[in-house]
Amino acid sequence: MQDIYYRPMEYNFKEIESKWQAYWAANHTFKAEIDNSKPKYYVLDMFPYPSGAGLHVGHPLGYIASDIYSRYKRLCGFNVLHPMGYDAFGLPAEQYAIQTGQHPAVTTEKNIARYREQMDRIGFSYDWSREVRTCDPGYYKWTQWAFLQMFDSWYDNVQQKARPIAELEAAFAEGGSAAVDAACGEVAPFTAEEWNGFDEKQKAAVLMQYRIAYQGETAVNWCPALGTVLANDEVKEGYSVRGGHPVEQKKMTQWQLRVSAYAGRLLEDLEDLDWTDSLKDMQRNWIGKSQGAEMNFKVSNGVEEYDMTIFTTRADTVFGVTFMVLAPESEWVEKLTTPEQKEAVEEYLAMAKKKTERERMMEARKVTGVFSGSYATNPLTGDKVPVWIGEYVLAGYGTGAIMAVPAHDSRDYAFAKTFDLPIIPLIEGCNVSESSFDAKEGIMCNSGFLNGMTVKEAIPAAIDYVEKHGIGHRKINYRLRDAIFSRQRYWGEPFPMYFKDGIATPMTLEQLPLQLPEVDKYLPTESGEPPLGRAADWTYEGYPIELSTMPGFAGSSAYYLRYMDPHNDQALVSREADEYWRDVDLYIGGTEHATGHLIYSRFWNKFLFDLGYVCEKEPFKKLINQGMIQGRSNFVYRIINTNTFVSYGLKDQYETTEIHVDVNIVRNDRLDIEAFKAWMPEFATAEFILEDGEYICGWAIEKMSKSMFNVVNPDMICDTYGADTLRLYEMFLGPLEQSKPWDTKGIDGVNRFIRKVWRLFYDRDGLIVTDEKATPEELKALHKLIGKVRTDIESFSFNTAVSAFMIAVNELTDLKCSKREVLEQLIVLLSPFTPHIAEELWEALGHKESITYAAFPEYIEAYTVENSCTYAVSFNGKMRFTVELPVDMPREEVDAHVRGLEQTAKYVAGGNIVKVIVVPGKIVNIVVK
RNA sequence: GCGGGCGUGUUGAAAUUGGUAGACAAGCCAGACUUAGGAUCUGGUGCCGUGAGGCGUAUGGGUUCGAUUCCCUUCGCCCGCACCA
């Protein structure tokens with residue numbers, strides 16, 4: 001489309017869109033300020049990582065939806081906070097820096113500029129004065145600040161909240177370790193006297209076990225290719241989510257966040273959130289609560305005897321324990337391996353250790369194990385059972401040791417069958433010759449005092465017994481683990497910690513932000529230390545500063561709070577701003593953050609809530625997951641060994657290879673042959689076998705990516721059709737939450753609609769809007785639309801709202817309605833979807849102010865009813881029939897319909913008809929008693 | 001294996017509480033206006049049948065006067081978790 005000549009009164013989207021985008025920027029139309037006279041509404045998008053590839057047409061989907069909702073809420077009189085920013089620390093910029101030597105800050109800056117330019121073209125109503133970037137020192141000051149707060153806090157299990165570490169020290173000085181019930185690592189008990197006698201180093205070591213941000217040794221996901229550790233949610237099926245490199249398990253000392261302390265609250269508080277059930281389920285699953293009991297088993301290696309604790313949810317099955325199993329990484333392995341078994345055990349451990357996480361998963365069903373040589377004593381029966389070591393027991397869950405009940409646990413069963421261990425059935429009539437009986441139902445047998453009970457009765461009875469006899473106690477276990485918080489990378493927040501005589505010591509708040517130092521290369525040092533090890537003088541008062549940086553989720557955990565008060569250098573967020581904006585009312589983003597960002601952010605918020613820095617216990621009230629937009633690839637078919645391409649319909653007559661072709665030179669699956677020849681030199685001399693004079697391409701739905709040549713750029717759509725068309729079309733594509741392929745071919749219909757709207761206002765000579773009074777028919781079309789659009793927006797059914805607009809505009813076009821009374825309301829209603837054309841037409845109607853804060857049109861429901869004829873037939877009401885009749889159904893036909901319904905109702909109800917109400921075009925209600 | 005969801009024309013999809021299935025678009029067909037059309041306008045378009053009519057919401061059954069909608073069976077697809085004791 002070049003050199004198109006527009007008559008003055010034609011719809012010129014390019015001019016209109018740049019005009020209004022400039023207007024909004026110049027007038028700060030979307031600037032949000034605290035205003036106590038208006039209710040607030042906070043609409044948030046998950047901020048993007050600015051990648052080098054720029055935005056494709058799938059990225060803005062959620063942004064468009066949130067923008068529509070923001071604009072709608074403004075029209076409804078809310079004070080809307082709708083900010084945007086960048087999650088700017090991250091691996092790709094650093095990888096690029098490693099390859100090119102370019103500082104990640106430079107790459108990031110460039111990518112952000114590109115993102116901003118692309119977003120601006122779509123006409124979003126962001127308050128850009130509140131933009132944040134996680135890599136900006138003024139921003140990450142508060143990420144570091146939050147870390148220091150966590151370092152300086154412990155979790156009180158009794159009060160169920162975080163408290164200052166000073167209060168813990170006071171409690172220790174008073175009553176030793178028994179004085180508190182805290183979430184902590186492994187600490188040998190100590191008395192107040194012992195505590196008071198500890199030196200600085202000993203005290204520091206103890207306190208470290210209690211801190212919410214702590215340093216501790218743990219098995220971590222180590223990714224050799226990236227040279228860093230990763231959090232559980234950053235690993236999928238044994239590969240890193242970013243880059244897809246293999247990940248292995250390794251024991252390392254790392255900074256961690258005690259997220260597990262919050263497991264219970266994270267689970268309970270899900271209840272009141274307006275999130276989808278599937279997302280809540282994902283989080284519930286990830287948190288993984290299970291109720292059971294911890295039980296002590298006496299174990300002996302023939303020399304020494306110990307108490308070993310195990311966790312079980314099936315305390316009722318203790319009578320069926322025929323062996324015990326330890327995780328290979330368990331500390332018990334060393335204690336319980338007897339000299340005779342030493343060689344076999346070591347061999348087994350070496351084998352298990354060598355496997356990567358990936359290999360373990362692949363062999364998930366393969367049973368491996370080795371006997372330790374030791375025996376445990378069943379605390380209820382007194383029987384001696386062997387202690388084995390097996391990979392299927394996980395070190396990180398429970399106590400890393402289990403009691404095995406092969407009759408009623410399929411994993412234990414497989415182990416028992418492999419190593420020929422005894423199987424004792426405990427439920428009457430169950431058959432365990434082929435498989436275990438895992439269901440929690442039936443009557444207990446072979447189980448001493450539990451005999452005759454149902455399983456559901458036996459579980460609590462067994463735990464009661466165990467508690468009474470001091471063998472164990474009730475326990476709730478969570479799957480959720482602490483978050484590993486160190487990354488051996490450059491492009492992240494430095495830890496404001498230094499090591500004074502080996503003691504991890506926080507910097508003071510005045511020293512924040514601790515800025516990232518310059519380094520000569522972005523690679524680990526020769527001695528294997530993280531890139532910060534290359535920084536000159538990375539010390540504080542002569543002491544070394546921590547060399548790791550924080551992970552990606554650090555900066556994104558509290559960004560929604562920072563938007564409330566982005567320029568405050570005294571606090572993350574002022575009390576005033578926090579109490580006004582409070583929490584996010586609507587959060588839109590992808591599901592991929594279900595078990596990462598959305599858990600960490602909730603944890604972070606709860607922590608700040610405990611300390612009194614924020615006033616809401618949950619950050620995101622309502623959450624919507626927009627679907628992913630896939631690509632729709634096109635193919636051409638080259639006849640083998642030739643440069644001849646055969647059209648899709650004829651390809652079966654030849655032997656061909658399928659070749660991806662750039663979707664931008666295909667229209668409605670028809671190839672632009674000239675563009676194809678120009679696309680790549682090798683196709684310049686291509687020949688074609690056409691059908692009906694055209695080359696038809698094949699197609700497939702694939703991920704949108706450069707290599708498939710199916711990337712559609714929003715800039716291109718804005719150039720060809722305009723931002724309003726893009727916005728409307730993205731919504732029209734289908735339900736917001738559903739994943740769907742992008743296919744540009746339907747866009748003409750939406751574009752046509754927008755031009756139809758324009759033509760209601762203008763003909764070729766100018767504005768045609770009159771001040772005549774609207775007819776009932778016209779008002780009916782309008783009010784039907786207002787009612788529909790309002791409910792659709794409220795329920796995020798934007799696709800059907802767009803359809804409703806199309807229907808209404810078709811009706812108004814047929815009625816030749818160009819009346820101000822109707823059109824003014826129409827464009828206010830439409831303005832959230834297509835703001836540019838709405839502003840332009842609003843101005844044309846003589847308004848001086850932006851349409852942004854126009855009043856949302858009123859919906860008069862009565863209108864439709866008043867203008868219809870009403871039939872009333874009495875029935876006698878119990879059963880209710882609802883029938884919709886078409887708007888234009890002739891009266892006789894309606895009568896016939898009513899008679900039919902009466903017949904039916906009489907048949908059903910035996911003639912006791914009370915009432916039939918018929919509103920043509922609406923509903924027929926028949927009430928029968 | 002466990003948990004959640006889905007299955008409607010050629011395509012994207014509509015269908016308040018069970019009440020004319022396929023709205024609104026795309027595509028296709030025919031026509032009008034055009035030098036032209038990737039412009040505009042009009043009409044048609046679920047399937048079978050010339051027709052009347054019949055059949056249709058993955059499959060088979062059930063509840064109901066009435067089922068895309070509720071219940072059960074089978075098949076297929078998608079997503080999440082995955083040795084969590």
Engineer: In whole angstrom, give the distance that lies between atom NZ of A:K745 and atom C1' of B:G27.
Structural biologist: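 My rounded result for the distance is 6 Å.
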Engineer: Can a side chain N or O of A:R752 be found less than 4.0 Å away from OP1 or OP2 on B:C24?
Structural biologist: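 For B:C24, OP1/OP2 do not have a side-chain N/O of A:R752 under 4.0 Å.
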Engineer: Describe the nucleic acid contact of A:L733 in one word from base, sugar-phosphate, nothing, applying a heavy-atom distance below 4.0 Å.
Structural biologist: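 Since only primed, P, OP1 and OP2 atoms lie under 4.0 Å of A:L733, the category is sugar-phosphate.
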Engineer: Indicate syn or anti for B:G62, taking the glycosidic torsion and treating anything within 90° of 0 as syn.
Structural biologist: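 B:G62: anti glycosidic orientation.
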Engineer: Rounding to the closest angstrom, what is the interatomic distance between B:A25 and B:U8 at atom P?
Structural biologist: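 About 22 Å, rounded to a whole number of Å.
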Engineer: Whether A:T595 contacts B:G80 is assessed here as follows: a side-chain N or O lying under 4.0 Å from the phosphate OP1 or OP2. Is that the case?
Structural biologist: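 So the side-chain polar atoms of A:T595 never come under 4.0 Å of the phosphate oxygens OP1 or OP2 of B:G80.
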Engineer: Between B:C41 atom C1' and A:K756 atom NZ, what is the distance in whole Å?
Structural biologist: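 Computing the A:K756:NZ to B:C41:C1' distance gives 10 Å.
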Engineer: To the nearest Å, how far apart are A:I747 CD1 and B:A39 C1'?
Structural biologist: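 Taking atom C1' of B:A39 as the reference, CD1 of A:I747 is at 17 Å.
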Engineer: Given B:A15, B:A85, B:G4, identify the nucleotide with an atom nearest to the side chain of A:D281.
Structural biologist: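 Among B:A15, B:A85, B:G4, the one nearest the side chain of A:D281 is B:G4.
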Engineer: Base, sugar-phosphate alone, or nothing: which one does A:F805 contact when heavy atoms must sit under 4.0 Å apart?
Structural biologist: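 A:F805: no heavy atom of the nucleic acid under 4.0 Å.
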Engineer: Would you indicate, yes or no, if B:A85 has its OP1 or OP2 atom less than 4.0 angstrom from a side-chain nitrogen or oxygen of A:Y392?
Structural biologist: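 False: A:Y392 side-chain N/O out of range (4.0 Å or more) of B:A85 OP1/OP2.
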Engineer: Check this one for me: any side-chain N or O of A:N799 less than 4.0 Å away from OP1 or OP2 of B:A14?
Structural biologist: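 A:N799 to B:A14 OP1/OP2: side-chain N or O found under 4.0 Å.
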Engineer: Less than 3.5 Å apart, any donor N or O on the side chain of A:Y729 or A:N751 sitting next to an acceptor on the other?
Structural biologist: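 Not at all, the side chains of A:Y729 and A:N751 share no donor-acceptor pair under 3.5 Å.
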Engineer: Heavy atoms only, 4.0 Å cut-off, all strands: where does A:P741 land among base, sugar-phosphate and nothing?
Structural biologist: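 If one applies the 4.0 Å heavy-atom cut-off, A:P741 turns out to touch nothing in the nucleic acid.
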Engineer: How many angstroms lie between atom CG of A:L728 and atom CE of A:M806, to the nearest 0.5 angstrom?
Structural biologist: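 Answer rounded to 0.5 Å: 6.0 Å.
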Engineer: Can you tell me the pairing partner of B:U16 across any strand shown, Watson-Crick or G-U wobble, with both distances under 3.5 angstrom?
Structural biologist: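 B:U16 is unpaired by these criteria.
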Engineer: Closest nucleotide of RNA chain B for A:Y721 versus for A:D814: which of these residues is on the 5' side?
Structural biologist: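 The 5'-side residue here is A:Y721.
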Engineer: Honestly, is A:R479 close enough over A:W286, meaning NZ or CZ under 6.0 Å from the six-membered ring centre and within 45° of the axis?
Structural biologist: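 Flagged: A:R479 positioned over aromatic ring of A:W286.
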Engineer: Within the 4.0 Å heavy-atom criterion, would you say A:R284 contacts the bases, only the backbone, or no part of the nucleic acid?
Structural biologist: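 The answer is nothing, as A:R284 stays clear of every strand by at least 4.0 Å.
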Engineer: Just how far, in rounded Å, is C1' of B:G80 from CG of A:N625?
Structural biologist: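 So the CG-C1' distance, A:N625 to B:G80, works out to 12 Å.
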Engineer: Would you say the side-chain atoms of A:Y397 and A:S290 include a donor-acceptor pair closer than 3.5 Å?
Structural biologist: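 There is such a pair between these side chains.
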Engineer: Any luck finding a side-chain donor-acceptor pair between A:T368 and A:Y348 under 3.5 Å?
Structural biologist: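 Distance-only check passes for A:T368 and A:Y348.
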Engineer: Do A:S436 and A:D409 have side-chain atoms, one donor and one acceptor, less than 3.5 Å apart?
Structural biologist: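 No pair is found: no donor N or O on one side chain lies under 3.5 Å from an acceptor on the other.
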Engineer: OP1 or OP2 of B:U40 less than 4.0 angstrom from a side-chain nitrogen or oxygen of A:R755, does that happen here?
Structural biologist: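 The answer is yes; a side-chain N or O of A:R755 sits under 4.0 Å from OP1 or OP2.
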Engineer: Starting the side chain at C-beta, find the nucleotide from B:A13, B:C81, B:A23 nearest to A:I807.
Structural biologist: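 Out of B:A13, B:C81, B:A23, the nucleotide with an atom closest to A:I807's side chain is B:A23.
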Engineer: Tell me which nucleotide among B:U40, B:A85, B:A82 gets nearest to the side chain of A:R479.
Structural biologist: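 My answer, after comparing the listed nucleotides, is B:A82.
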Engineer: Looking at every strand, decide which applies to A:D412 at a 4.0 Å heavy-atom threshold: base, sugar-phosphate, or nothing.
Structural biologist: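 Contact class for A:D412: none.
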Engineer: Under a plain distance cut-off of 3.5 Å, with no hydrogens placed, do A:T800 and A:D792 share a side-chain donor-acceptor pair?
Structural biologist: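 Yes, A:T800 and A:D792 have a side-chain donor paired with an acceptor closer than 3.5 Å.
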Engineer: Taking the same atom, P, in B:G66 and in B:C29, what whole-Å distance lies between them?
Structural biologist: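 About 43 Å, rounded to a whole number of Å.
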Engineer: Using purine N1 to pyrimidine N3 plus N6-O4 or O6-N4 for Watson-Crick, or N1-O2 and O6-N3 for G-U wobble, each under 3.5 Å, what pairs with B:A67?
Structural biologist: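 Across any shown strand, B:A67 pairs with none.
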Engineer: The side chain of A:S278 lies closest to which of these nucleotides: B:A25, B:G4, B:A14?
Structural biologist: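 The closest nucleotide is B:G4.
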Engineer: In whole Å, what separates the C1' atom of B:G76 from that of B:U57?
Structural biologist: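 Nearest-Å result for B:G76 against B:U57 at atom C1': 16 Å.
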Engineer: Just name whichever nucleotide pairs with B:G80, Watson-Crick or G-U, keeping both distances under 3.5 Å, else none.
Structural biologist: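 Paired with B:C2.
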Engineer: Taking CG from A:L480 and P from B:G80, how many angstroms apart are they, rounded to a whole number?
Structural biologist: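 Atom CG in A:L480 sits about 19 Å away from atom P in B:G80.
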Engineer: Is there a side-chain polar atom (N or O) of A:Q738 under 4.0 Å from OP1 or OP2 of B:A13?
Structural biologist: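 Answer yes for this pair, as a side-chain N or O of A:Q738 is under 4.0 Å from OP1 or OP2.
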Engineer: Rounding to the closest angstrom, what is the interatomic distance between B:A13 and B:G27 at atom C1'?
Structural biologist: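 About 14 Å, rounded to a whole number of Å.
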Engineer: For the pair made of CG in A:L598 and C1' in B:G80, what is the distance, rounded to whole Å?
Structural biologist: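 Roughly 14 Å, once rounded to whole Å.
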Engineer: I'd like the P distance from B:A52 over to B:A36, given in whole Å.
Structural biologist: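 Taking atom P in both B:A36 and B:A52, they lie 38 Å apart.
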Engineer: Rounded to the nearest Å, what distance is computed from the CG atom of residue A:L279 to the P atom of nucleotide B:C81?
Structural biologist: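 Those two atoms, CG and P, are 12 Å apart.
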Engineer: Check for me whether the distance between the ring centres of A:F415 and A:F323 falls short of 6.0 Å.
Structural biologist: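 Yes, the ring of A:F415 comes within the 6.0 Å limit of the ring of A:F323, centre to centre.
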Engineer: So which nucleotide does B:U57 pair with, by the Watson-Crick or G-U wobble rule with both distances under 3.5 Å?
Structural biologist: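 Its partner: none found.
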Engineer: Output the rounded distance in Å from CH2 (A:W286) to P (B:C2).
Structural biologist: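 Answer to the nearest Å: 21 Å.
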Engineer: Once you apply a heavy-atom cut-off of 4.0 Å, does A:R632 come out as touching a base, just sugar-phosphate, or nothing?
Structural biologist: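 Nothing, no nucleic acid heavy atom in range.
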Engineer: Do A:E441 and A:V455 come close enough that some side-chain heavy atom pair is under 4.5 Å?
Structural biologist: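 Not in contact.
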Engineer: Between A:R670 and B:G27, does any side-chain N or O lie under 4.0 Å from OP1 or OP2?
Structural biologist: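 Negative; the distance criterion is not met.
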Engineer: Could you give the distance separating B:U69 and B:G60 at their P atoms, to the nearest angstrom?
Structural biologist: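 That atom pair is separated by 13 Å.
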Engineer: Using the P atoms only, state how far B:U68 lies from B:G9, rounded to an integer number of Å.
Structural biologist: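 About 14 Å, rounded to a whole number of Å.
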Engineer: Check whether any side-chain N or O of A:N810 sits under 4.0 Å from OP1 or OP2 of B:A25, and answer yes or no.
Structural biologist: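 So the side chain of A:N810 is within the cut-off, an N or O lying under 4.0 Å from OP1 or OP2 of B:A25.
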Engineer: Pairing check on B:C41: which nucleotide meets the Watson-Crick or G-U wobble criteria with it, both distances under 3.5 Å?
Structural biologist: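 When the pairing criteria are applied, B:G31 turns out to be the nucleotide that pairs with B:C41.
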Engineer: With rounding to the closest Å, how many angstrom separate the P atoms on B:U63 and B:G53?
Structural biologist: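 To the nearest whole Å, 30 Å.
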